[in-house]
Novice: 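This structure is in structure tokens; I'll ask about it shortly.
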Amino acid sequence: MATPVTLPSLPPTWTPPSEPASSISPFVQRRLIPAGAAYLAHIKRTLNNLTFDEHDKQLEEEQKRLELLNADGLNGEDDLGVGDEEESPELLLLDAKEWKKQDHYQVLGLSHLRFKATPEQIKIAHRKKVLKHHPDKKAGASHTTNDDAFFKCIQKANEVLTNPERRRQFDSVDPLCLSLEEEDPSASDFKGREKDTAFFFKTFAPIFEREARFSKKLPVPMLGENDDSKESVHAFYDFWYNFDSWRSFEYLDKEVNEGSDNRDDKRYTEKKNKSERARRKKDDITRLRNLVDLTLNLDPRIKRIKQEEKEAREAKKKTKGGMSAAEQKAKAEEDKRKAEEEAQRKDEEEKVARAEAKKAKAAAANAAKKARRQQRAADADEAAPP
């Protein structure tokens with residue numbers, strides 16, 4: 001039984017509150033429309049005659065179905081066949097601090113596309129890798145793998161490849177491209193195969209296709225075929241001997257020490273980086289020039305063109321307007337005679353010049369002797385007693 005409570009009496013100084021200055025608005029009747037997730041759940045249970053437990057079970061099954069449907073994280077989008085390359089143990093052990101040494105395309109599973117990968121393919125490949133290697137998925141597992149570090153490598157690869165300028169810098173020093181450059185052929189590789197036309201085109205055609213992507217000027221002429229015309233061959237070599245490359249080497253710059261506020265250190269590092277970029281650019285131009293030189297020396301089309309030009313000259317000699325053998329011999333003798341006369345004239349001029357120089361030297365010596373005698377005589381007069 002509840003105990004009655006006696007309220008205290010009001011103090012003598014208490015006064016009732018005054019009436020509010022403003023009046024209360026009148027009551028208005030409004031129509032309320034049921035809505036919201038709770039109402040929709042109620043309707044579903046009512047229509048399907050479900051209990052709360054049955055309804056919750058259906059929600060769980062639907063959630064599982066959606067997770068299976070979107071297991072790749074693409075929400076039904078076309079995955080474009082990217083991001084599924086097998087990851088080697090060496091790749092998974094990459095050090096996130098050494099991100100400049102990693103192959104960003106390989107990290108995202110785009111090794112088969114590389115510089116041809118589109119922004120959409122990079123986006124999808126990154127999403128797949130994140131879903132597979134996100135640290136949250138490893139939260140319950142023991143930290144015996146390098147997943148956290150590899151996840152950072154994935155993020156850095158995406159950061160570089162989604163930035164057009166930084167991707168261009170990375171493409172300039174693409175590890176695969178650099179390794180292929182080291183395998184470029186030399187003259188010794190063609191020893192004994194100078195007449196093997198098929199081997200020439202099989203060797204050099206892929207190289208110029210690889211280098212063409214660095215050209216500022218488009219379209220870029222390719223190596224072509226053995227039966228190309230003289231004009232086409234000359235146009236090819238004219239383009240590649242004047243090749244204008246956008247390739248740069250900023251990606252290999254050394255970073256300024258973290259936490260260093262010394263402006264002298266920063267200026268020194270920037271100066272060294274600028275010097276290294278210029279050196280690498282010069283080396284790359286030289287490498288490409290040597291490659292074009294080698295191609296020109298081994299090109300069977302050049303030999304064919306020279307042979308055709310030789311035959312054309314010989315045919316011209318046999319025509320009516322051409323010079324006969326006797327005329328050619330006479331012209332050669334005349335040229336030889338003129339050359340001998342010119343050499344003799346220069347020899348005589350040199351002899352005259354030497355003689356004049358000898359005379360001038362003798363005159364200068366005599367003048368010096370005379371001046372010394374006069375000086376001695378003057379000294380003797382001054383030394384004589386009065």
Side-chain angles (χ1 to χ4, degrees), residues 80-82 84-86 88 91 103-106 108-118 121 167-168 170-249 251 280-312:
L80 305 180
V82 296
D84 297 323
E85 293 179 358
E86 184 177 355
S88 65
L91 183 67
D103 184 343
H104 299 309
Y105 290 116
Q106 186 181 21
L108 292 185
L110 297 168
S111 297
H112 62 297
L113 295 173
R114 308 199 75 79
F115 70 94
K116 296 180 182 178
T118 64
Q121 288 172 325
R167 182 182 181 185
R168 194 178 182 91
F170 175 73
D171 285 342
S172 296
V173 294
D174 188 331
L176 178 61
C177 184
L178 295 179
S179 64
L180 291 175
E181 289 174 2
E182 295 177 356
E183 299 174 2
D184 284 347
S186 61
S188 60
D189 296 326
F190 287 83
K191 189 174 182 181
R193 308 188 69 171
E194 292 83 357
K195 296 183 180 180
D196 192 341
T197 303
F199 180 68
F200 170 83
F201 286 98
K202 182 180 179 181
T203 302
F204 285 104
I207 294 176
F208 285 100
E209 290 177 4
R210 181 191 74 207
E211 297 289 339
R213 67 188 182 97
F214 296 120
S215 177
K216 291 181 180 179
K217 299 178 182 178
L218 297 175
V220 181
M222 293 294 101
L223 185 60
E225 300 178 352
N226 190 39
D227 58 352
D228 286 345
S229 65
K230 174 182 175 181
E231 292 74 17
S232 177
V233 174
H234 285 179
F236 170 80
Y237 285 104
D238 180 66
F239 180 91
W240 284 95
Y241 271 118
N242 297 281
F243 189 77
D244 189 8
S245 173
W246 54 258
R247 195 175 189 182
S248 61
F249 298 90
Y251 189 82
R280 291 189 178 102
K281 184 72 172 179
K282 183 179 179 181
D283 291 345
D284 185 61
I285 293 173
T286 303
R287 177 193 61 81
L288 184 59
R289 175 59 63 91
N290 292 338
L291 183 64
V292 178
D293 287 340
L294 178 62
T295 308
L296 178 66
N297 293 334
L298 297 171
D299 196 336
R301 299 171 300 179
I302 297 297
K303 299 174 183 178
R304 186 200 72 206
I305 292 170
K306 288 183 178 180
Q307 181 63 28
E308 292 174 352
E309 291 176 346
K310 181 180 179 181
E311 293 173 355

Novice: Between CG of D189 and CD of E183, what distance do you get to the nearest 0.5 Å?
Specialist: 11.0 Å
Novice: Measure from the side-chain N and O atoms of Q121 to the backbone N and O of T118, and report whether any donor-acceptor pair falls under 3.5 Å.
Specialist: yes
Novice: List the steps, then state whether side-chain contact (heavy atoms from CB on, under 4.5 Å) holds for R301 with K230.
Specialist: CA-CA 8 Å; R301 299 171 300 179; K230 174 182 175 181; over 6 Å; no
Novice: Which distance, rounded to the nearest 0.5 Å, do you find between the NZ of K216 and the CZ of R247?
Specialist: 14.0 Å
Novice: Looking at every non-hydrogen atom in both residues, tell me the closest pair between D284 and E181 and how far apart they are.
Specialist: OD1-OE2, 4.5 Å
Novice: May I ask you to decide if G192's main-chain N or O and E194's side chain share a donor-acceptor pair within less than 3.5 Å?
Specialist: yes
Novice: Do D293 and Y241 have a side chain donor and acceptor closer than 3.5 Å?
Specialist: yes
Novice: Taking the six-membered ring where the residue is Trp, are the ring centres of F243 and W240 under 6.0 Å apart?
Specialist: yes
Novice: If only atom types and distance count, is the side chain of S179 paired as donor or acceptor with the main-chain N or O of L176 below 3.5 Å?
Specialist: yes
Novice: Name the atoms and distances for all side-chain donor-acceptor pairs under 3.5 Å in residues 204-215, with sequence neighbours left out.
Specialist:
unit_1 : atom_1 : unit_2 : atom_2 : d
R210   : NH1    : D184   : OD1    : 3.4
R210   : NH2    : D184   : OD1    : 3.1
R210   : NH2    : D184   : OD2    : 3.4
E211   : OE1    : R287   : NH2    : 3.3
E211   : OE2    : R287   : NH1    : 3.0
E211   : OE2    : R287   : NH2    : 3.1
R213   : NH2    : D171   : O      : 3.4
S215   : OG     : K217   : N      : 3.1
S215   : OG     : K217   : O      : 2.7

Novice: Could you tell me the separation between the CG atom of D174 and the CG atom of D103, rounded to the nearest 0.5 Å?
Specialist: 6.0 Å
Novice: Could you report the tightest heavy-atom contact between F190 and P185, atom names first, then the distance?
Specialist: CE1-CB, 4.0 Å
Novice: Can you measure from CD1 (I305) to CG (D299) and round to the nearest 0.5 angstrom?
Specialist: 7.5 Å
Novice: For the backbone of K282 and the side chain of T286, can you confirm whether one donor and one acceptor N or O come within less than 3.5 Å of each other?
Specialist: yes
Novice: Above 12 or not: heavy atoms from other molecules or residues under 6.0 Å from CD of E309?
Specialist: yes
Novice: Please determine, by modelled atom types, if S111 and Q106 share a side-chain donor-acceptor pair under 3.5 angstrom.
Specialist: no
Novice: How far apart are the closest heavy atoms of G109 and H112, and which atoms are they?
Specialist: O-CE1, 3.7 Å
Novice: Considering non-hydrogen atoms only, spot the tightest contact between L110 and A117 and give its length.
Specialist: CD1-CB, 4.3 Å
Novice: Students often mix this up, so state it plainly: with edges at 30° and 60°, are the rings of H104 and F170 parallel, tilted or perpendicular?
Specialist: tilted
Novice: For the residue pair Y105 / R167, report whether a side-chain donor-acceptor contact shorter than 3.5 Å exists.
Specialist: yes
Novice: Locate the shortest heavy-atom distance separating F249 from V173; write the atom from each residue and the value.
Specialist: CD2-CG1, 3.6 Å
Novice: Quick one: pull up CG in D84 and CD in E86 and give me the separation to the nearest 0.5 Å.
Specialist: 11.5 Å
Novice: Between the side chain of N242 and the main-chain N/O of D238, is any donor-acceptor distance below 3.5 Å?
Specialist: yes
Novice: NZ of K303 to OG1 of T197: how many Å apart, nearest 0.5 Å?
Specialist: 8.5 Å
Novice: Which heavy atom of S248 sits nearest to which heavy atom of S172, and what is that distance?
Specialist: O-CB, 2.8 Å
